[in-house]
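Here the structure comes first, spelled out in structure tokens, and everything after it is commentary.
Owing to the predicted nature of the structure, the values given are computational and were not obtained by experimental measurement.
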Amino acid sequence: YINGTGAIWNGETQPGAKFNNGVDAVWIGSSQPGVGDSGFFTATPDGHASYQAPYLTGTNGVVSYGCIDGLHPTITKIYGQSDFEYNPSALTKSSGFVDLKSKVETSAHTFYEWKFPLSLLGITADYIEKYGIGVMYIDVLGSSPHGGVPYDASYFDNASKSYAGDTSTSKEKEDEDVIKYAPARIGKLLKTDVEDVVADQDGPVEYYNLMGVRINEPAEREIYIERRGSKVTKKLNY
């Protein structure tokens with residue numbers, strides 16, 4: 001949030017995304033070239049975003065952006081709801097998803113690419129090889145995320161409720177999403193294999209997220225690591 005009050009690109013009190021998963025920098029921009037004043041945001045000392053230097057870097061000559069018609073050859077499937085009509089309740093279920101790639105001509109798709117210099121991220125290629133970095137893609141509609149990779153349950157937690165501005169669409173366009181799922185990894189992976197984790201001594205149960213940070217208790221639908229004495233297991237909190 002900008003100074004802790006409102007989401008980037010939105011009104012002062014409009015909610016959006018909050019990161020509770022280790023993310024410390026955000027690039028925001030439109031998938032339509034020339035729309036909006038995109039920028040690269042790094043966290044202020046209190047963990048917020050700011051339009052002030054040095055926490056905002058403009059994209060002129062910094063981030064390379066482009067798009068072409070078609071799909072990248074590595075994209076072999078595109079999963080989505082088989083029912084093209086808007087049905088909020090369908091978004092709360094895991095059924096009804098099909099491969100939509102063949103439903104639309106390949107040329108009708110658009111492939112986007114953004115390039116970030118490592119100097120902007122404050123790292124080097126050697127750093128990525130030794131430590132790795134986490135990356136997420138979030139799709140925002142209105143003022144709030146409504147999809148992303150990796151998936152986080154917060155994107156669909158209010159899917160069946162109505163949007164204040166238009167009851168025919170979803171509250172997901174305006175709710176607050178607190179993102180807890182770990183980012184994908186580029187370079188060296190985090191050590192999340194529970195067989196590699198060894199407890200030093202017996203003790204009470206402890207919980208950790210997939211980034212190895214200790215938490216009070218796992219959230220609903222969150223994958224977490226539980227240490228109980230000398231036994232360490234990876235679990236899903238239903």
Side-chain angles (χ1 to χ4, degrees), residues 17 19 21-23 25-35 38 40 59 63-118 121 123 125 128-129 131-142 144-157 159 169-170 172-173 177 179-195 209-211 221-224 234-236 238:
F19 296 93
N21 62 348
V23 166
V26 176
W27 182 82
I28 184 167
S30 174
S31 57
Q32 183 176 349
V35 174
S38 54
F40 181 81
T59 57
V63 176
S64 173
Y65 165 79
C67 61
I68 58 173
D69 292 335
L71 285 173
H72 193 277
T74 60
I75 301 175
T76 58
K77 296 181 184 294
I78 301 176
Y79 285 105
Q81 283 288 335
S82 57
D83 182 5
F84 276 28
E85 297 298 322
Y86 179 71
N87 181 6
S89 62
L91 302 178
T92 64
K93 303 174 182 178
S94 59
S95 60
F97 285 86
V98 297
D99 182 8
L100 298 176
K101 184 177 179 181
S102 62
K103 302 293 184 180
V104 180
E105 291 293 331
T106 300
S107 60
H109 293 286
T110 304
F111 176 73
Y112 299 91
E113 182 179 75
W114 291 266
K115 292 184 179 180
F116 301 86
L118 295 182
L121 304 179
I123 58 175
I128 294 177
E129 292 178 1
Y131 305 105
I133 60 174
V135 177
M136 302 189 79
Y137 169 80
I138 298 174
D139 197 9
V140 176
L141 184 63
S144 175
H146 69 121
V149 180
Y151 170 79
D152 189 276
S154 65
Y155 302 148
F156 285 168
D157 57 353
T169 60
S170 173
E172 283 304 328
K173 294 170 67 174
D177 290 341
I179 300 170
K180 298 180 179 180
Y181 199 84
R185 300 293 297 179
I186 294 178
K188 186 175 179 62
L189 300 179
L190 291 173
K191 184 176 286 189
T192 57
D193 186 345
V194 296
E195 294 181 355
N209 63 25
L210 294 184
M211 299 185 72
R221 299 182 185 178
E222 181 179 18
I223 298 175
Y224 65 98
K234 186 186 296 183
K235 295 184 176 181
L236 170 64
Y238 289 96

How far does OH of Tyr137 sit from OH of Tyr112, to the nearest 0.5 angstrom? 8.0 Å
So, do Glu172 and Asp177 sit near enough that their side-chain heavy atoms are less than 4.5 Å apart? yes
Shortest non-hydrogen pair, Pro150 vs Ala182, comes out as CG-O, 3.6 Å
Here the gap from Asp69 atom CG to Glu105 atom CD, rounded to the nearest 0.5 Å, amounts to 12.5 Å
Identify the heavy atoms of His146 and Phe156 that sit nearest to each other, and give their distance. O-CE2, 3.3 Å
Thr110 and Cys67: which non-hydrogen atoms are nearest, and at how many Å? CG2-CB, 3.9 Å
Do you know the tightest heavy-atom contact between Asp152 and Tyr181? OD2-N, 2.7 Å
The salt bridge (Lys or Arg N to Asp or Glu O under 4.0 Å) partners of Lys101 (sequence neighbours excluded) come to none
Phe111 versus Leu71: any side-chain heavy-atom pair under 4.5 Å? no
Min side-chain heavy-atom separation Ile123-Tyr131 under 4.5 Å: no
In Å and rounded to the nearest 0.5 Å, what is the OH to CD1 distance from Tyr155 to Ile138? 4.0 Å
Should the ring pair Phe116 and Trp27 be called parallel, tilted or perpendicular, given that the plane angle runs from 0 to 90° and is split at 30 and 60? perpendicular
Does any N or O in the side chain of Glu129 come within less than 3.5 Å of the main-chain N or O of Gly187, such that one atom is a donor and the other an acceptor? no
Closest contact, heavy atoms only, Pro183 versus Asn21: CD-O, 3.8 Å
Applying side-chain contact (heavy atoms from CB on, under 4.5 Å), can you list everything that pairs with Val135, at least two apart in sequence or on another chain? Ile133, Ile186
Ignoring hydrogens and angles, tell me if any N or O in the side chain of Asp99 forms a donor-acceptor pair with the backbone of Ile78 under 3.5 Å. yes
